[in-house]
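What follows is a single structure, written as structure tokens, with notes after it.
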Amino acid sequence: MGSAPMHPLFRDLGMFHVPGRQAKLEVSNFGQLYTCAITANLLLQERVKDWADRTNGMFLHVGGDDSIAPETVLEQRGKKAFVHWTQAKNDPEQVQRVHFPGLKRHQRAFEKLVRSYRNDPSQLLDISRNSIVFETMTDLTNALGIIVTDENVRVERLKNRMSPDYASEETGGYRAVC
């Protein structure tokens, strides 16, 4: 299985993963952390789109329910609608209606920094908050395989909140793989 070509911005910044080499970016303050996160988020969104395209993944679709063909949208959780990226990506109007989350709010990140990481910004790993929704466990499993073998990213950790051993009552019933 081949990987997608490296984004030119990775090359321009000299920030790409070389297998076997430990990457080290010294983050010393909150502002520096968010400056890096802005660039990383732009690059990550392109990877997330590619992964969704290759795995039948969906994104949150905002706008009127009549704005997209009913067979393209999967209704879930009340009035939220999700659209398959493969069906929306070539329609500029639909691409505009796909919701890609922004960075973690500064206040929440600061709370986590103080409460959990002893004011060490290099420990805060989840500022960029992208997600792909899947209808089946098979699609999720395929996506995980593609993500962990993608040469343009390095998976630092994986939380399996889908495991039967996971105590979902601690997160209000929320389950995900992140």
Side-chain angles (χ1 to χ4, degrees), residues 1-7 9-10 13 15-27 30 32-34 36-60 74 76-77 80 82-86 98-106 108-118 120-178:
M1 173 184 327
S3 65
M6 182 183 297
H7 193 284
L9 189 53
F10 278 123
L13 294 173
M15 295 179 167
F16 50 92
H17 175 62
V18 176
R21 188 182 87 192
Q22 189 73 289
K24 186 79 171 160
L25 175 61
E26 295 294 330
V27 176
F30 201 64
Q32 180 188 19
L33 180 66
Y34 266 84
C36 291
I38 289 167
T39 301
N41 192 53
L42 292 172
L43 297 169
L44 181 59
Q45 277 186 359
E46 293 305 311
R47 300 303 319 131
V48 168
K49 290 174 189 175
D50 179 60
W51 299 329
D53 190 35
R54 296 167 59 191
T55 60
N56 203 31
M58 298 181 292
F59 298 118
L60 184 61
L74 171 70
Q76 284 186 338
R77 297 183 225 134
K80 287 190 178 179
F82 296 88
V83 62
H84 287 273
W85 182 243
T86 55
V98 171
H99 174 71
F100 294 102
L103 298 177
K104 183 182 290 265
R105 289 186 350 254
H106 286 88
R108 176 67 184 120
F110 189 72
E111 289 169 0
K112 235 178 148 176
L113 188 66
V114 172
R115 186 192 76 229
S116 302
Y117 301 123
R118 297 181 184 164
D120 180 0
S122 69
Q123 299 299 309
L124 193 58
L125 302 176
D126 62 345
I127 293 175
S128 181
R129 304 159 355 114
N130 286 274
S131 62
I132 307 171
V133 176
F134 299 98
E135 291 182 87
T136 69
M137 289 300 291
T138 300
D139 290 340
L140 171 63
T141 303
N142 289 339
L144 286 172
I146 287 171
I147 292 167
V148 300
T149 58
D150 188 325
E151 294 176 1
N152 291 305
V153 298
R154 184 175 63 208
V155 176
E156 291 289 335
R157 67 178 182 195
L158 189 63
K159 291 183 190 176
N160 183 4
R161 292 181 176 154
M162 300 298 284
S163 167
D165 298 332
Y166 177 71
S168 63
E169 63 276 359
E170 293 178 11
T171 56
Y174 176 78
R175 289 190 175 270
V177 176
C178 52

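In this pair, Tyr34 and His106 present their aromatic rings parallel. The plane angle is below 30°, not in the 30 to 60° band.
Side-chain contact between Trp85 and Val98 is present, with at least one heavy-atom pair separated by less than 4.5 Å.
Not a single side-chain hydrogen bond (donor to acceptor under 3.5 Å, both in side chains) links Ser116 to another residue, sequence neighbours left out. Not counting sequence neighbours, Gln45 has no partner by the side-chain hydrogen bond (donor to acceptor under 3.5 Å, both in side chains) test. With sequence neighbours left out, the salt bridge (Lys or Arg N to Asp or Glu O under 4.0 Å) criterion links Arg129 to no other residue.
Here Met58 contributes atom CE and Asp139 contributes atom CG; the two are 8.5 Å apart, rounded to the nearest 0.5 Å. Taken from CG in Asn152 to CD in Glu46, the straight-line distance is 11.5 Å, to the nearest 0.5 Å. To the nearest 0.5 Å, atoms CG (Leu60) and CZ (Phe82) are separated by 5.0 Å. For the atom pair CD of Glu135 and CG of Leu140, the computed distance is 12.5 Å after rounding to the nearest 0.5 Å. Atom CG of Leu113 sits about 7.5 Å away from atom CG of Asp120, to the nearest 0.5 Å. Considering CG of Leu33 and CD1 of Ile38, their distance stands at 10.0 Å, rounded to 0.5 Å.
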Starting from the C-alpha separation in whole Å, work towards a yes-or-no answer on side chain to side chain contact (heavy atoms under 4.5 Å, CB included) for Arg47 and Ile147. CA-CA 9 Å; Arg47 300 303 319 131; Ile147 292 167; over 6 Å; no
For salt bridge (charged side-chain N to carboxylate O under 4.0 Å, His left out), just list the numbers for Arg54 and Asp50, CA-CA rounded to whole Å, side-chain angles, deciding distance to a tenth of an Å, and then say yes or no. CA-CA 6 Å; Arg54 296 167 59 191; Asp50 179 60; 3.2 Å; yes
Show your working on side chain to side chain contact (heavy atoms under 4.5 Å, CB included) between Asn56 and Phe134 and close with a plain yes or no. CA-CA 7 Å; Asn56 203 31; Phe134 299 98; 5.7 Å; no
Does Gln123 form a side chain to side chain contact (heavy atoms under 4.5 Å, CB included) with Arg118? I'd like the steps, not just the answer. CA-CA 9 Å; Gln123 299 299 309; Arg118 297 181 184 164; over 6 Å; no
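Between the side chains of Asp150 and Trp51, at least one donor N or O sits under 3.5 Å from an acceptor N or O. Side chains of Asn130 and Asn41: a donor on one and an acceptor on the other come within 3.5 Å.
More than 12 heavy atoms of other residues, nucleotides or ligands sit less than 6.0 Å from atom CZ of Arg115.
Counting all heavy atoms, side chain and backbone alike, Ala143 lies closest to Thr55 at CA-CG2, 3.5 Å.
Cation-pi geometry between Lys49 and Phe100 is met: under 6.0 angstrom from the ring centre, within 45 degrees of the axis.
When the options Thr149, Val148, Leu144 are evaluated for a side chain to side chain contact (heavy atoms under 4.5 Å, CB included) with Val155, the one that passes is Val148.
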